[in-house]
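Before any comments, here is the structure.
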Amino acid sequence: MKPLRKAIFPVAGLGTRFLPATKAMPKEMLPVVDRPLIQYVVDEARQAGIEHFIFVTGRNKSVIEDHFDRQFELELTLSERGKKDDLALLSRDLPGPGTTSFTRQQSPLGLGHAVWCARELIGNEPFALLLPDVLVQHPRGCLAQMIDAARELDGNANVIAVEEVPPASVSSYGVVGVGPSKGKAFAITKMVEKPKPADAPSNLIITGRYILQPEIFDLLAKQERGAGGEIQLTDAMLQLQHTQPFYGLKFEGRSFDCGSKIGFLSANVAYALARDDIAPALRVEIKRLLGDK
Ligand code: UTP
């Protein structure tokens, strides 16, 4: 596979499951401990070697663009007050000059449509797609594991991160069928959106990280609106599967669906418990809260 240089971050959704918090603030800016969701996912991509970060934004999302810019007034004040650690933190989080691009999805017509909106910025090369509301807690992140696995696959392979869920829960997700293994990955035989447990080909669900070939764009362009009236990425992937192989990778690490309230709250607790500066006090608080129940 050609080296993977670019990643798409779709951030144009309405975030209705988090209303009213997301009425004026993007869901992707909700903080897990003290960093916005989008920062974790951009860091995961940077760690995996991605050089260009493409955000598909919508109305009310300009704060995401500001987040990835310098804030001179704040920096000046911090510097005058001698807050070196805070300044270092801000500069650590910032992608390099010229490495971010922002394009608009004018109407939130679905994930497939959001990806298609980035076609001119991607051009004719494979790309990563990371959903910012899925966090994967692992020292290397999920995308780096996928890139490792992709090295052992054909040049035109598409790779999807998958994880196990209890069989009774499959009906909320996209589920894959499992074929022969190849290196760390396995061939995906089918993809089924939200199957009944009895019809599910496995209990492995599609989890918010993809490596896709640029041929997906032509298929997305022709896509009709599918489930929920949205242009679905899975429909285009199913068509692409006629001409290109798809592989699944069972990644290491724990994922959190921060688009749901429970996933978001769990992520906050898990990420705080992983921090030496917060964990001891949080354990005490959790014990106290649970003791009251
Ligand atoms: P979700 O379905 O989780 O996000 O899409 P949503 O639609 O904003 O959330 P709810 O269901 O209304 O609460 C996954 C990612 O795809 C983006 C979202 O911003 C989110 O990061 N997305 C979704 C778009 O960019 N455009 C869309 O039309 C839909």
Side-chain angles (χ1 to χ4, degrees), residues 6-32 35-45 53-65 67-68 100-122 127-136 142-143 160-163 165 169 171-174 191 193-194 205-210 212 216-217 220-221 223-237 255-267:
K6 299 181 182 177
I8 300 178
F9 305 88
V11 293
L14 297 177
T16 53
R17 284 170 292 170
F18 267 97
L19 284 170
T22 48
K23 186 178 164 197
M25 182 183 70
K27 171 172 81 174
E28 298 78 11
M29 289 300 290
L30 290 171
V32 166
R35 314 177 78 219
L37 285 172
I38 189 71
Q39 184 74 55
Y40 288 93
V41 184
V42 164
D43 286 352
E44 179 184 328
F53 308 88
I54 297 167
F55 301 85
V56 181
T57 73
R59 281 180 293 286
N60 281 342
K61 303 278 181 164
S62 50
V63 64
I64 296 177
E65 206 163 334
H67 178 75
F68 290 110
T100 52
S101 297
F102 296 83
T103 187
R104 284 264 180 146
Q105 183 189 25
Q106 289 141 336
S107 313
L109 296 179
L111 177 61
H113 183 257
V115 171
W116 179 73
C117 287
R119 66 199 179 282
E120 294 294 338
L121 292 165
I122 294 289
F127 60 95
L129 167 65
L130 296 96
L131 303 195
D133 46 8
V134 176
L135 296 191
V136 175
C142 180
L143 184 62
I160 301 179
V162 299
E163 68 180 326
V165 294
S169 313
S171 51
S172 310
Y173 303 99
M191 293 177 252
E193 262 310 318
K194 302 187 171 60
I205 62 158
I206 297 178
T207 318
R209 301 286 185 271
Y210 309 77
L212 295 171
I216 194 87
F217 292 122
L220 285 168
Q223 227 39 245
E224 303 281 326
R225 291 191 190 204
E230 297 195 332
I231 294 176
Q232 300 285 347
L233 180 65
T234 310
D235 293 344
M237 291 197 302
S255 81
F256 297 92
D257 173 12
C258 296
S260 80
K261 293 182 181 76
I262 290 296
F264 174 72
L265 293 169
S266 309

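Because the structure is a prediction, the values reported are computed rather than measured. All ligand and atom numbering here is 1-based and tracks the order in the structure.
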task = Select all protein residues for which some heavy-atom-to-ligand 1 distance is less than 4.0 Å, and list them by chain and number.
result = Pro10, Val11, Ala12, Gly13, Leu14, Gly15, Thr16, Arg17, Lys27, Glu28, Gln105, Pro108, Leu109, Gly110, Leu111, Ala114, Pro132, Asp133
request  = Answer with yes or no after comparing the ring centroid distance for Phe53 and Phe68 against a 6.0 Å cut-off, counting only values under it.
outcome  = no
key: Arg35 atom CZ: more than 12 heavy-atom contacts under 6.0 Å   = yes
ask   = Any chance the side chains of His113 and Glu230 put a donor and an acceptor closer than 3.5 Å?
value = no
ask   = Of all residues at least two apart in sequence or in a different chain, which pass the ring-ring contact (aromatic ring centres under 6.0 Å, His included) check with Phe127?
value = Phe217
ask   = Is a side-chain donor or acceptor of Thr207 paired with a backbone partner of Ile205 at a separation under 3.5 angstrom?
value = yes
query = Is a side-chain N or O of Arg209 found less than 3.5 angstrom from the main chain of Leu129, in a donor-acceptor match?
reply = no
